[in-house]
Every structure is written in C-alpha cells, then in structure tokens.
Amino acid sequence: MATDILMPALSPTMEEGKLSKWLKKEGDTVKSGDVLAEIETDKATMEVEAIDEGVLAKILIAEGTENVAVNTPIAIIAGEGEDVAAAAASGGKGKPNGAAQGGQPAPTPDMQAEGQADKPAPAAKTGDDAQRAPAAPATITNKAKEPVMEEFPAGTEMVTMTVREALRDAMAEEMRRDGDVFIMGEEVAEYQGAYKVTQNLLQEFGARRVVDTPITEHGFAGIGVGAALAGLKPIVEFMTFNFAMQAIDQIINSAAKTLYMSGGQLGCPIVFRGPNGAAARVAAQHSHDYSAWYSNVPGLKVIAPYTASDAKGLLKAAIRDPNPVIFLENEILYGQSFPVPKLDDFVLPIGKARIHRQGSDVTIVSFAIGMTYALKAAQALAEQGIEAEVIDLRTIRPMDTDTVVESVKKTGRCITVEEGFPQSGVGAEIVARLMVDAFDYLDAPVIRITGKDVPMPYAANLEKLALPSVAEVVEAAKSVCYK
Amino acid sequence: MDAGKDAAKDAAQSKPEAAKGGAEAAHRPAPNAPQFTRDEDLHAYREMLLIRRFEEKAGQLYGMGLIGGFCHLYIGQEAVVIGMQMASIEGDQVITGYRDHGHMLATGMESRGVMAELTGRRGGYSRGKGGSMHMFSREKQFFGGHGIVGAQVSLGTGLAFADAYRENGKVSLTYMGDGAANQGQVYESFNMAALWKLPVVYVIENNRYAMGTSVARASAQTDFSKRGLSFGIPGEQVDGMDVRTVREAATRAIEHARSGQGPYILEMQTYRYRGHSMSDPAKYRSKDEVSKMRDEHDPIEMVRKRLIELHGVDESELKATDAKVREIVNDAAEFATNDPEPDPSELWTDILLEASA
C-alpha cells in the first residue's frame with residue numbers, strides 16, 4: 001500500500017509553509033528516520049523525516065514551492081515489495097501518513113477575521129462536528145464601513161504586513177532612533193525570536209543590544225528593571241506571558257511601584273512584551289490571558305492590540321513611554337496581515353480605544369484576539385438586521401471609558417468579548433464602569449462573553465468550548481436587543 | 001574565569017579559620033589587618049558613629065509612635081557599608097534590601113531627608129510615600145531600599161548591566177542579607193552577571209539571622225563566599241566588624257569588577273545588635289551572645305580605641321565628633337517630627353510619568 005507523505009505542521013498554528021528542498025529523489029530507498037525534505041515557514045525551518053520504509057515513488061510538490069498547505073500530500077512512498085510505478089500513479093490517494101515530527105495536522109481555529117491570514121484555513125477534521133461551536137463565516141470581507149478615526153493623514157500609502165512584521169519594524173525603528181533601547185529575552189537574538197518577532201534585529205543591532213538570556217524569567221526581568229531604573233530603555237521579551245508569572249514580582253513590586261515609592265525620583269521606562277493568552281492546543285499552563293491581571297495594577301500601562309497597524313504604532317509609543325508598559329501580543333494574530341500606514345514615524349496614543357466598525361444597535365467592546373469574534377459576530381448580526389458598533393479598546397490600562405460610554409449612549413446596549421476568565425476580568429471592569437457612567441442609557445443588562453471559568457483543556461473539542469465563540473457573541477447581542 | 005578561580009582559592013587559603021564559619025574565628029582581629037591612616041580612621045569613626053546614633057534615634061522615635069510600620073536597624077553592621085564606601089568611587093551605584101538606613105547615610109544622603117521619610121513626612125526622600133524600606137536618591141546613585149527579599153539582587157545586576165552597556169566604568173554594589181542569599185533569583189542573577197561579566201560586587205551581609213532563623217538552620221552551605229563558585233564567581237569571607245578588612249576586601253572586589261573581570265562576592269561576617277525589626281524581641285539568641293559581640297567586636301569601639309592608642313588622638317577630639325554627630329541626628333529628628341505630612345493631593349502623584357513626546 002502506497003503511503004502519502006503529508007505536509008507537516010511545525011506548530012499548532014501553522015497553516016502552510018514552503019517546501020524548500022528535497023533531500024531524496026524519486027527512486028531512492030528510504031528508511032525510517034531518513035530526512036526526506038526541508039520545509040520552512042516565516043517562523044522556522046524543519047526537516048521532514050520518513051517514518052516508514054520503502055521507495056520514494058513520486059514527488060508531488062517540487063522543491064521551492066511556497067504556500068503549501070498543511071496536510072497536502074507532498075510525496076508517495078511505495079511500500080516494501082510494492083510496485084513503484086503503480087504507487088506513483090496512485091496520485092497521492094494512498095493512506096495518509098502523518099509523516100514527520102509535529103505531524104499533527106493543525107486544528108486551525110476559525111481565526112480568519114478581517115485580518116486575513118495568509119489563506120483560508122483548512123477545515124479541522126474531528127469526529128464530531130456537531131459538538132463544535134457553530135462555525136463562523138469562513139472569511140469576513142466586511143471592512144468597517146468608513147474608517148471612523150483617522151490616525152494618519154488621508155491618502156497615506158498603506159502597505160500590507162503581518163502583526164509579526166509590524167512589531168519587528170516598531171522595535172527596529174525605535175532602536176535606530178534611541179541608543180538606550182535594547183531588547184533582551186530568551187531566543188531573541190541568534191534564534192531570531194521564538195516566534196520570529198525579533199527577526200534580523202541581531203544582524204542590524206548586534207549582540208550588545210539584542211541580548212539572548214538564559215531561561216530565567218525572574219532574574220532577567222529584574223535585570224531589565226534594574227537597567228531601566230539606571231535610565232536604559234529595555235524591551236523584555238517573554239517567550240509567552242505564561243512564563244512571566246516567574247517574574248511577576250519584579251514587574252509589579254519593582255517596575256510598577258518604584259516611581260511612587262521614590263516620590264517621583266525613579267521612573268522605570270521598560271516594555272515587557274510577548275504573546276499572551278491561548279494559542280492553540282497548548283493547554284492550561286500555556287493558554288492564560290493576563291490582561292485583567294496587569295490591568296489591576298497602578299503604575300503599569302497595559303496594551304493589547306489587534307491589528308498590525310495598532311501593534312506598530314502602539315509598540316513604538318510603549319517604547320518611548322517613560323513608564324513600565326505591558327504589551328500583550330497574541331500568537332495567533334502574529335501571522336495575520338493588515339494594512340499599515342507607510343510613514344516614517346507612525347506612533348499612536350496609548351489609552352485611546354478605536355471604533356473599528358460603526359453601528360447603532362448594540363456596542364461590542366473587545367480587544368486583541370477578542371476582536372476576531374466581535375467582528376465576525378458583527379457581520380453575522382448585520383445579515384440579521386442588527387448593526388453592531390465594535391470598539392477595540394487597544395489599551396486596557398488606562399482604559400478609554402469615554403469612547404465606550406459615548407457608544408453606549410447611542411446604542412443603549414453593550415456586550416464585552418474577551419478570551420480571559422470571567423471573574424474580575426476586563427469585561428467585569430467595563431460593566432462596572434457602565435453601571436456608573438451610562439446607567440441611564442442602558443436598555444438591557446451588559447453581557448460578558450469570556451473564556452469559560454475552567455483551566456484551558458487540551459482536547460480540540462474542549463478547547464473550542466472553553467474559548468468564546470462567534471455564536472455566543474451573536475446570541476448575546478441578540479438577547480440584549482431583545483431579538 | 002581563571003582569575004575567578006584563583007581569587008576564590010586565594011581567599012579560601014588566606015582565611016582558613018574564617019572558612020570554618022565560626023563567628024569567633026571570623027571576628028578575631030586579623031593578625032595582619034591592613035592599617036588605616038589617622039584620617040581614614042577618623043573618617044570611618046565619624047561615618048559609623050553617625051549611622052549608630054541615627055539608628056538609635058530612629059529606634060527611639062519608633063518607640064514614641066512617630067515611625068510606623070517596619071523599621072529594621074543597622075546597629076552593629078556599620079563597618080560593612082562604611083568600608084565598602086571607602087573603596088568605591090563617585091558614581092558607583094548602591095542597592096540593598098530593607099535594612100537600608102545605614103547605606104543611605106553612607107552614600108551621603110541627608111539625615112534629615114532619611115529621618116523624615118521614616119516619619120512619613122513631606123520632606124522625606126520619597127516625600128513620605130516610601131517609608132523605611134523604600135528610599136532612593138538618584139543624585140547619590142542609591143537605588144533603594146527594597147522590601148522584597150532578594151529582589152534587589154536582580155535589580156543591582158541590572159544596574160551593572162547598564163554600566164556595562166554604557167561602558168561608564170562604574171560598579172554596582174549590590175547588598176543582600178544571609179536570608180536573601182537563599183533566594184532563587186539571586187542565582188539567576190549570579191549566572192547572568194558571570195556570563196556577561198557585569199561589573200557588580202555582591203555584598204552578602206551575614207548577620208547570622210534571617211529574621212529569627214539562624215544561618216545554620218536555613219542554609220545548607222553556610223560559607224556564603226562559596227555561593228558563586230559554580231558560576232566561577234570568586235568570593236571571600238571577610239571580618240565585617242573591622243572596617244579595615246572590609247575596605248581591603250572591597251578594594252580587591254571592586255577593582256576586579258571595574259576591570260571587566262565580572263562579579264565578585266564578599267561575605268561580610270557581621271552582627272546586628274537589635275532584633276530583626278523593632279517588633280522582634282530576638283528570643284532566638286542569648287543575651288550573652290549579643291553582649292559578647294558588643295563588648296569585644298564592636299566596629300566603632302575598635303576604631304575609637306585605635307584612634308587613641310595608635311594615632312594618639314585626644315579623647316576630647318573624639319568627644320567633639322560625638323557631639324557633632326549627636327547634633328546632626330537631633331536636628332534630623334527635630335525636622336522629621338515637625339515637618340508636615342504630605343499634602344493629601346500627593347496621594348495621586350508619582351504613579352506615572354508624563355510621556356514627553
């Protein structure tokens with residue numbers, strides 16, 4: 001029986017990659033462990049190893065091919081004693097073989113909202129589709145009707161780039177501008193970033209300013225804070241914010257409080273950044289959304305952007321800010337592309353929400369990856385005659401309550417969307433503020449859509465259930481509209 | 001690395017009795033202790049006395065209810081910070097934990113400002129918002145004053161990182177107690193400081209008790225000078241009651257760090273006369289132990305004796321110094337008692353800095 005070698009996923013969020021090189025040619029005998037090919041994404045390079053023995057009957061994807069979707073058959077292996085020609089002719093319909101390490105096909109969440117991922121995700125195949133949350137529209141073509149708040153001059157040329165590139169450009173620009181800015185963290189230099197956010201920074205700025213650290217978050221966060229107290233402007237990258245828990249004492253007790261405790265003498269100009277919240281299939285310890293935690297602390301600013309443009313403009317602002325800033329990124333958003341204004345120095349104000357989509361019937365407040373649910377829900381609602389106004393908070397602390405309240409005055413209804421836990425979450429804070437500042441304008445209770453109040457499970461179906469869904473957002477919006 | 005090894009070996013060899021860890025051994029006057037000039041001894045005497053009198057006054061004000069919260073006195077340990085400061089140069093940074101009043105005075109911070117911070121008044125270094133454990137002076141390069149045990153070690157390593165980054169030739173003097181020396185982040189910091197050859201001197205003030213727990217009950221390795229060995233960081237045990245041995249070791253350690261050879265550890269064997277904080281009756285040790293240290297190893301008395309016997313300083317000259325120090329401390333207490341509390345509007349200031357551009 002011929003075996004198909006499938007394009008493997010390097011990570012749970014990978015959707016496609018480049019088949020950069022074949023190391024075996026048709027007709028070669030292969031045995032388990034032989035390296036067949038090399039594949040790469042913008043994040044990493046990996047070797048595809050054979051698992052079965054046989055003969056490489058046919059190469060289906062030529063080397064150098066870009067954008068090969070995960071799970072695409074890339075070659076056929078003829079089994080022992082099997083007719084090679086016949087196997088080759090089977091045309092990639094043989095028994096699929098997970099092929100390589102990391103061979104788990106990517107169960108791609110329905111994350112292709114307005115920020116288009118490189119291409120539509122292959123539908124995840126699980127046994128029980130019925131149990132899964134209702135599928136969202138495959139792609140969202142809806143761009144907010146009119147840009148609501150112009151943050152750059154009309155007619156500015158826009159370039160499409162990923163969130164990952166926007167973050168890298170923001171750091172590079174600020175490092176060129178100010179010699180006191182440097183970046184430190186695990187794998188930020190030689191490895192080019194665990195998520196490739198710091199790509200090429202080492203090449204441009206050298207090892208003095210792009211500093212690989214040992215895996216010691218508590219220690220290097222403290223060193224970063226100390227350097228900031230001495231007047232440098234560190235960017236401390238946490239491989240993910242889950243690991244920042246090791247360092248949270250230095251973030252809270254040293255970075256956030258020293259200005260106050262010193263009577264204004266010692267500022268701490270530092271940025272702590274890295275991916276926050278759930279990625280995909282990494283379970284409880286790697287899927288925690290800390291937005292609410294950090295937003296609880298006076299002395300910190302907390303930013304959680306959704307678009308590449310906001311990521312760039314706000315990271316530049318964060319690096320220039322004389323205060324400690326928590327900059328919460330999202331692994332799933334890294335690869336998504338958005339238009340970014342082509343300006344020499346594009347800096348956005350911290351603490352300003354943005355009306356991402358105008359509407360008059362219900363206000364949906366969200367931030368970061370929560371925006372993907374909010375925007376898809378808004379489109380679904382529009383099809384049902386409900387126009388939602390979607391507000392992207394962008395900054396969690398200080399929170400732009402005014403923009404939310406003004407919207408609620410217009411719509412009389414509000415729901416919040418976040419992936420974090422419900423209790424004492426960002427949504428809870430918005431609800432509390434609306435009770436005071438917009439009580440007389442509310443026509444319905446404010447509803448929070450959040451991650452479920454459980455540790456993040458690993459199983460694909462349970463993970464999906466633990467996260468918010470577009471359907472939940474749609475349902476909540478309809479219920480506050482009494483429809 | 002090699003230099004580190006050698007220095008550590010030298011240290012171990014040159015102080016075999018100290019390495020045994022007995023307080024008696026460590027506090028026996030070194031047979032060939034380096035000598036101070038008359039002026040150096042006079043300087044050390046005055047500086048240490050200022051700390052002693054200041055702390056006694058702080059204890060008094062605490063008893064009167066003028067100082068709140070926690071108040072950790074440095075009495076008995078004065079030779080450590082003064083000897084270290086005598087070996088440092090202007091611009092070297094100092095950072096320590098919560099037993100910090102002595103370090104502030106040693107770096108030249110004003111007695112008035114420190115005492116007024118203890119009483120929570122507007123004239124305090126932190127305008128009354130920091131208190132005993134959280135005071136800073138950018139001008140004097142004193143970076144606190146930290147209340148979380150061990151946190152200052154990573155921060156002090158970060159100060160050294162900044163020095164190395166700027167190539168400014170400065171050294172970070174990072175103090176911790178024997179208790180903090182068991183914290184995990186201390187070793188993370190040791191590792192990075194050695195890896196990147198940062199100019200930092202770690203001063204472990206071993207006063208033999210982490211709050212109420214003696215070193216032997218909390219530390220598997222009670223020779224703190226060895227705590228950096230696995231990172232190749234040289235270390236020495238030093239008689240921390242003798243300001244001369246402190247300065248001598250400090251000179252060696254600071255030179256090592258300043259010359260680009262990386263971190264250095266000094267275990268200062270010292271003793272605090274008072275409890276851990278004002279509320280600690282110190283029942284975990286005998287009165288004899290304390291009085292023996294006071295009578296036989298007091299860092300200030302040793303200098304005083306030397307000044308009279310060795311340098312021929314007249315008793316009346318010392319009395320004049322005593323009076324002058326008392327005057328400074330009384331003035332500080334007076335100021336700290338009468339200075340108003342912070343304006344209520346101060347509640348809302350210094351939380352964030354205004355972004356400039």
Side-chain angles (χ1 to χ4, degrees), chain A residues 179-180 182 184 208-209 211-232 234 246-247 249-250 252-270 298-301 317-318 320-324 345 347 349-351 397-398, chain B residues 93 95 117 122 124-131 133-139 141 143-148 150-166 172 174 183-193 195-196 198 342 346 349-357:
Chain A
D180 283 342
F182 70 96
M184 67 192 305
R208 173 175 167 265
R209 298 181 67 193
V211 183
D212 274 329
T213 64
I215 306 171
T216 48
E217 285 83 6
H218 197 181
F220 72 69
I223 287 174
V225 174
L229 294 177
L232 296 182
Q246 298 257 12
D249 172 65
Q250 290 290 4
I252 308 295
N253 273 317
S254 300
K257 296 177 183 172
T258 298
L259 181 68
Y260 197 82
M261 295 193 306
S262 67
Q265 283 187 75
L266 280 180
C268 187
I270 190 169
L300 294 179
K301 293 186 180 183
R320 288 184 202 184
D321 199 280
N323 301 291
D345 195 21
V347 185
I350 295 172
R397 181 188 186 94
Chain B
Q93 299 105 330
I95 188 167
E117 189 60 39
R122 62 179 60 174
Y125 266 95
S126 299
R127 304 217 293 271
K129 296 179 184 182
M133 298 184 285
H134 317 110
M135 260 181 268
F136 309 81
S137 168
R138 192 179 279 290
E139 186 203 343
Q141 290 290 289
F143 286 84
H146 293 270
I148 306 297
Q152 79 276 12
V153 181
S154 299
L155 296 171
T157 309
L159 297 172
F161 182 96
D163 291 332
Y165 189 92
R166 290 172 165 146
S172 165
T174 298
Q183 284 276 17
Q185 65 179 313
V186 169
Y187 298 91
E188 298 185 15
S189 300
F190 283 0
N191 181 43
M192 283 178 271
L195 187 66
W196 300 331
L198 300 181
E346 284 284 332
T349 60
D350 306 323
I351 298 160
L352 292 170
L353 288 167
E354 282 297 316
S356 51

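What you see is a predicted model, and the numbers here were worked out from it, not measured in a lab.
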Please examine the side chains of Met192(B) and Pro214(A), heavy atoms only from C-beta on, and report whether any two atoms are closer than 4.5 Å. yes
So which residue, Cys268(A), Gly219(A), Gly179(A), Gly264(A), ends up with the most heavy-atom pairs under 4.5 Å with chain B? Gly219(A)
Counting C-beta onward and ignoring hydrogens, is there a side-chain heavy-atom pair between Leu232(A) and Arg166(B) closer than 4.5 Å? yes
Proximity breakdown for Gln141(B) and chain A, heavy-atom pairs closer than 4.5 Å: neither
Side chain to side chain donor-acceptor pair (under 3.5 Å) contacts in which one or both residues fall within residues 212-226 of chain A, not counting sequence neighbours: His218(A)-Gln185(B)
Interatomic distance, Leu266(A) atom CG to Asp350(B) atom CG [nearest 0.5 angstrom]: 11.0 Å
Could you tell me which of Leu300(A), Val211(A), Ile350(A) has the largest number of non-hydrogen atom pairs under 4.5 Å with chain B? Val211(A)
Can you tell if the side chain of Leu155(B) reaches within under 4.5 Å of the side chain of Gln250(A), non-hydrogen atoms only? yes
Any sub-3.5 Å donor-acceptor pair from Ser126(B)'s side-chain atoms to Met261(A)'s backbone N or O? yes
Backbone N/O of Leu229(A) and side chain of Arg138(B): donor-acceptor pair under 3.5 Å: yes
I'd like to know which of His134(B), Arg127(B), Glu346(B), Met133(B) tops the heavy-atom pair count under 4.5 Å against chain A. His134(B)
Options Gly124(B), Ser137(B), Pro342(B), ranked by heavy-atom pairs under 4.5 Å with chain A, top entry: Ser137(B)
Proximity breakdown for Glu117(B) and chain A, heavy-atom pairs closer than 4.5 Å: neither
Grab the two heavy atoms, one from Ala162(B) and one from Ala230(A), that are nearest each other, plus how far apart they are. CB-CB, 3.6 Å
Where the side chain of Asn323(A) meets the backbone of Leu353(B), is there a donor-acceptor pair that is under 3.5 Å apart? yes
Looking at chain A, which one of Ala193(B), Ser189(B), Ala160(B), Ala151(B) has the largest number of heavy-atom pairs inside 4.5 Å, strictly under? Ala151(B)
Taking every heavy-atom pair that is under 4.5 Å apart, which of Pro269(A), Ala227(A), Ala256(A), Gly231(A) has the most such pairs with chain B? Ala227(A)
Checking Asp163(B) against chain A: side chain, backbone, both or neither under 4.5 Å from a heavy atom? neither
Would you compute the distance between atom CG of Asn253(A) and atom CD1 of Ile148(B) and round it to the nearest 0.5 angstrom? 4.0 Å
For chain A, find which of Glu139(B), Glu188(B), Met135(B) contributes the most heavy-atom pairs closer than 4.5 angstrom. Glu188(B)
Interchain contact, Ser172(B) with chain A, by part (heavy-atom threshold 4.5 Å): neither
Under a 4.5 Å heavy-atom cutoff, which of Leu159(B), Ile351(B), Leu352(B), Thr157(B) has the most pairs with chain A? Leu352(B)
The interface call for Ser254(A) against chain B, heavy-atom contacts under 4.5 Å, is side chain
Please report the interatomic distance CZ(Arg208(A)) to CH2(Trp196(B)), rounded to the nearest 0.5 Å. 14.0 Å
